[in-house]
Amino acid sequence: MLEKRYSPKDVEAGKYETWKSKGYFTAGDKSKQPFSMVIPPPNVTGKLHLGHAWNTTIQDIIARYKKMKGYDVLWLPGMDHAGIATQAKVMQKLVSMGVDVTKITREEFLKYAWEWKAEYAENIHQQWAKMGLMLDFSRERFTLDEGLNLAVRRVFVDLYQKGLIYQGERIISWDPVQQTALSNIEVIHQDDEGYMYYFKYHLVDSDEYIEVATTRPETMFGDVCVCVNPKDPQYTHIHGKKVINPANGEIIPIICDEYVEIGFGTGAMKCTPAHDPNDFIIGKKYGLEMPIIFNKDATMNEKCGKYQGMDRFVCREALLKDIDSRGDFIKKEKIVHAVGHSERNNCVVEPMLSKQWFVKMKPLAQAAIDAQKNENYVNFVPKRFEHTFLQWMENIEDWCISRQLWWGHRVPAWTNKVTGEVLVAMEAPKDIENWEQDSDVLDTWFSSGLWPFSTLGWPNETEDYKRYFPTSVLVTAYDIIFFWVSRMIFQSLNITEKKPFENVVIHGLVRDEKGRKMSKSLGNGIDPIEVIDQYGVDALRYFLTTNSTPGQDMRYIDEKVSSSANYLNKIWNSARYVLSVIPEDYKEVELDPKKLTSVDRWILNRLMMTIKNVTNNMEKYDFNAASSHLYNFVYDDFCSQYLEMSKVKLNSDNEFEINQTRTILLKCLKDIILLIYPYTPFIAEELYQNLPTHLESIMLETYPVVEKKFVSKLSDNEVNLLFDFIKEVRNYKIVNGLSPNANLDLTIGLKIEVSDDFYLYLNRFTFTEVKTAKEPLSGSGEIFSYPFGSLLISSGANKEEMISKLQKQIEVEESEISRGEKMLSNPGFLAKAPKEKVESEKEKLALHKANLASLKEKLSKI
RNA sequence: GGACACUUAGUUCAGCGGGAGAACGCUUCCUUCACACGGAAGAGGUCACAGGUUCGAUCCCUGUAGUGUCCACCA
């Protein structure tokens, strides 16, 4: 016997361990069609948040659903080493432990980092277990494990040999805190307040000067020229002359180039090739020197004279003061401009000329774009995110993949100590003592981009790779399309000549209840574990996956989780009722549509429609729509109606009907449990285990299917009329201040044939004996007209109320009739609307007219 | 400067070419033997605004306004 109240803690206890130990999570049943997903590997830097909970629950629902649908489901787990983030955190920890990190060696650091990884991986495992995820742990991978390293080296060498990886000196974004290069998308541009500073650049041997503006005066130490547009009339007379750099007194040329826009700013632009991407282009074009003026920590270097060693921002102020004292500082204007910040530590990044490894993106991107456009390569759900992907691919620049870190895949390149020759290869050269391996590691996303195939064993032609690749679905949030999804797509196309996944299901971000992004600085983050402690993991899972439409953000609202828990309690209690009416010796009866009552036919039809609608939406990954169909069935059809009606039948003395009702109750309950199961596996398993007959676990069950013999349309009229009558009587009692079980004088007139049950139920639900009469009804009282019958309540109401109620109903009918007549008198409607529509409007109009007539007759008799 | 979303009941969100839906909140009533984490019955919306297409628009198109997100090197 089930407890009176659904208790998540009791229900959840032990189930996950059982599923896991029974091997239900392990893929490999060759008799079935394969279905595969790889988890977006979480970083080993911290706890999982609500976003992870959402993302993984969606996948778990898909996995469990597909398993029930008869697939051999592989859901592969794993984690990401997250280069910069993890290295930063490990360093922080070492500092707090009192370790002198300036003296630590690469090997020592890596030892600590692997310890850190082990610790955090354990946390993540626990949280996955708590969420109930059916991950195949026998195939778990880590982005830094040996197999993935092999894949990374193989891809690096492949791209290098194809000429798609090169080492070059270019302007990259430099993170002075981590002291590493970053790729473009690791830089967050945010609008910061700053100043535009204007300086006098004096012409050599002249009293004249030109005004030059900059937002970063400290870079003036790297100026190599001043540029003007050759057609700018303002500056024609200074072509070929030289100016004095007010920062260091150096004499630099004026260069004419179309790049400078006439009329923008002062029309004269200082050029710092080593510290600005545009200036770099000009520097290259004219073969200019490219002095670097910063140290790796963004302090000023030896090229900056007395400012050497100063922080860049301190230098800026000091330099301003000095130039001002010489009279060459004109003014500063407050401006708001986009400033690049490191995604990981928010420091201001410095554009800097640096020798790095790059992936040549244009050919890779073009191939991916062509495949996507011509072959509808990867199916984006929702579709619009395909544009996001394509747009990014079309505007892509070369990808800086080297990082000056230790935690990551080391670049498989060696430099000959004698000749300086660079060797890129899978393995170290044999005469290793003559070579030095590149000290850099690769961008984390380089290895993540190989995730769907590297985890399955590639580059080896393993069984798993052959069976499960390409994967079926990838589920991720839209904020990671650039970072990850797009890279998997072009990497996979280039290296395996296959798509990484058939479908990519994109979801949104979880926000706080005010719609703000959850962040550490706001302190508005919600810990999934706390939610689970309060409401249970099933309620959290249900809330997360049913409260937003595909691709849309969602707000975390506590009341909604609570409401999800209430829903589960409702299912729990309906199960409790059903099970309580099933005796030990109960024998299931064969459900023959011919022997079913109208109410039975109705509920089974509703069940079939629900299975159909839920399944359709599951296939579309629309979990909100799928769940709401089930929700409506559970509350409105099953609990509010059928379950109450079953009490009438179960109290009858018809043995056959009693058993038939029990069978239907059980059938509905079982299907509800199976349909809700992918969302809320714990409570579903618990209830399932309490069914009179069941398998070892719900995980071995199959998904409900529509049985055509239970699909009907005719049974609805009688039942719907019954519901209408019941509602009117109940409302009547409330409006008239009568108690719910007050006896009334009821007369009904029917336009359709009904079964004896009709009267039985009406009696039971209204606590009243029912009289019948022919339409239109005669006698005094309140009348309620419906398309298939009318109801007359003769007791309790006064005349005035009766009249006003009748008049209200007449008004409603009249407005309906005028609507119908307007439509049907419109020649355009008759000519162009679908025939069925016209017919149904005609029928409705006739019904309303009949209703109006009977109401008017009623009124005249009062 | 581009791109994409969003604007529907008090609130959070669904829906979508042929009569506006849910949850929570609110009002009234009910502890009747599945559930008071409940039941019954209600109130509450010119579906942002303006044009257009259509027999018919909350829904499609165009524009406007507001909100949000992403992308973008403009000195």
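Order of the sequence lines sets the chain letters (A, B, ...), proteins ahead of strands, with each chain counted from 1. Everything numeric here is computed off the predicted structure, so don't read it as measured data.
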Name the nucleic acid region contacted by A:Ser580, choosing base, sugar-phosphate or nothing; use a 4.0 angstrom heavy-atom cut-off, strictly under. nothing
Describe the nucleic acid contact of A:His848 in one word from base, sugar-phosphate, nothing, applying a heavy-atom distance below 4.0 Å. base
Could you work out the separation of B:A36 and B:A43 based on their P atoms and round it to a whole Å? 27 Å
Would you indicate what A:Leu643 reaches in the nucleic acid, counting non-hydrogen atoms under 4.0 angstrom: base, sugar-phosphate, or nothing? base
Determine the contact category for A:Pro351: base if any of its heavy atoms lies under 4.0 Å from a base atom, sugar-phosphate if only primed atoms, P, OP1 or OP2 are that close, otherwise nothing. nothing
Under-4.0 Å salt bridge between A:Glu513 and A:Lys560: no
NA contact type, A:Lys4, heavy-atom cut-off 4.0 Å: base, sugar-phosphate, or nothing? sugar-phosphate
Does some side-chain heavy atom of A:Val349 sit less than 4.5 Å from a side-chain heavy atom of A:Ser342? yes
Can you tell me the distance, in whole Å, between the CG atom of A:Asp479 and the C1' atom of B:A5? 15 Å
Nearest-Å distance for atom pair CD/P, residues A:Glu559 and B:C26: 11 Å
Along RNA chain B (nearest heavy atom to each residue), the more 5'-positioned of A:Asp622 and A:Gly828: A:Asp622
Please find the pair of heavy atoms, one from A:Pro277 and one from A:Pro351, that lie closest to each other, and give the distance. CD-CB, 4.3 Å
Can you confirm whether A:Glu394 is buried at CD, in the sense that more than 12 heavy atoms of other residues, nucleotides or ligands lie under 6.0 Å from that atom? yes
Out of B:A41, B:C35, B:C24, which has the shortest distance to the side chain of A:Arg576? B:C35
Work out how far the P atom of B:A5 is from that of B:G52, and round it to whole angstrom. 25 Å
At 4.0 Å (heavy atoms only), tell me whether A:Lys844 reaches a base, stays on the sugar-phosphate, or touches nothing. base
Centre of A:Tyr577's six-membered ring, under 6.0 Å away, within 45 degrees of the axis: is that where NZ or CZ of A:Lys647 sits? yes
A:His629 atom NE2 is separated from B:G21 atom C1', nearest whole Å, by 12 Å
What integer distance in Å separates A:Asn651:CG from B:U32:P? 17 Å
Are A:Phe543 and A:Tyr556 an aromatic pair, judged by ring center distance below 6.0 Å? yes
Distance between C1' atoms of B:A23 and B:C60 (Å, rounded): 30 Å
Under 4.0 angstrom between A:Lys647 side-chain N/O and B:A34 OP1 or OP2: yes
If I pick the C1' atom on B:U64 and the same atom on B:U12, what distance separates them, to the nearest angstrom? 27 Å
To the nearest Å, how far apart are A:Lys837 NZ and B:G18 P? 8 Å
What interatomic distance, in whole Å, is found between C1' of B:U53 and the corresponding atom of B:U62? 10 Å
So if I define the base as every atom that isn't primed, P, OP1 or OP2, how would nucleotides 70-75 of chain B read as a B/S/- string at a heavy-atom cutoff under 4.0 Å? SS-BBB
Work out how far the P atom of B:G44 is from that of B:A3, and round it to whole angstrom. 43 Å
Whole-Å gap separating C1' (B:U69) and CZ (A:Arg516): 17 Å
Any base atoms under 4.0 Å from A:Glu386, or only sugar-phosphate, or nothing? Heavy atoms, all strands. nothing
Aromatic A:Phe358 / basic A:Arg170 pairing, under 6.0 angstrom, 45° off normal: yes
Determine the interatomic distance between P on B:U69 and the same-named atom on B:C35; round to the nearest Å. 48 Å
Mind checking if A:Phe385 touches a base, just sugar-phosphate, or nothing, with heavy atoms under 4.0 Å? nothing
For A:Glu728 and for A:Asn826, find the nucleotide of RNA chain B with the closest heavy atom, then tell me which residue's nucleotide is more 5'. A:Glu728
Would you tell me whether A:Glu333 and A:Tyr198 have side-chain atoms, one donor and one acceptor, within less than 3.5 Å of each other? yes
Can you give me the closest heavy-atom contact between A:Cys639 and A:Ser574, atom names plus distance? SG-CB, 3.7 Å
Flag side-chain contact, heavy atom, 4.5 Å: A:Thr272 against A:Thr214: no
Which part of the nucleic acid, if any, lies within contact of A:Cys271, taking any heavy atom under 4.0 Å across all strands shown: a base, the sugar-phosphate backbone alone, or nothing? nothing
Heavy-atom closest pair (A:Ala213 atom, A:Thr266 atom, distance to 0.1 Å) is N-OG1, 4.4 Å
Testing B:A40, B:G18, B:C30 for proximity to the side chain of A:Pro740, the answer is B:C30
Return the orientation label for the A:Phe329 and A:Tyr197 ring planes: parallel under 30°, perpendicular over 60°, tilted otherwise. tilted
Could you run through nucleotides 8-14 of chain B and give me one letter per nucleotide, 5' to 3': B if any protein heavy atom sits under 4.0 Å from the base, S if only the sugar-phosphate is that close, - if neither? ----BSS
Residues A:Gly508 and A:Ala477: closest non-hydrogen pair is O-CB, 3.8 Å
Separation of B:C24 atom P from A:Tyr567 atom OH, nearest Å, is 13 Å
Could you give the distance separating B:A48 and B:G15 at their P atoms, to the nearest angstrom? 15 Å
Both distances under 3.5 Å, Watson-Crick or G-U wobble: on that basis, could you give the dot-bracket string for RNA chain B, with [ ] for crossing pairs and | for other-strand partners? (((((((..((((....[..)))).(((((.......))))).....(((((..]....))))))))))))....
To the nearest Å, how far apart are A:Met823 CE and B:G17 C1'? 11 Å
Check against salt bridge (Lys or Arg N to Asp or Glu O under 4.0 Å), A:Glu350 and A:Arg216: CA-CA 10 Å; A:Glu350 203 61 48; A:Arg216 298 188 294 153; 2.5 Å; yes
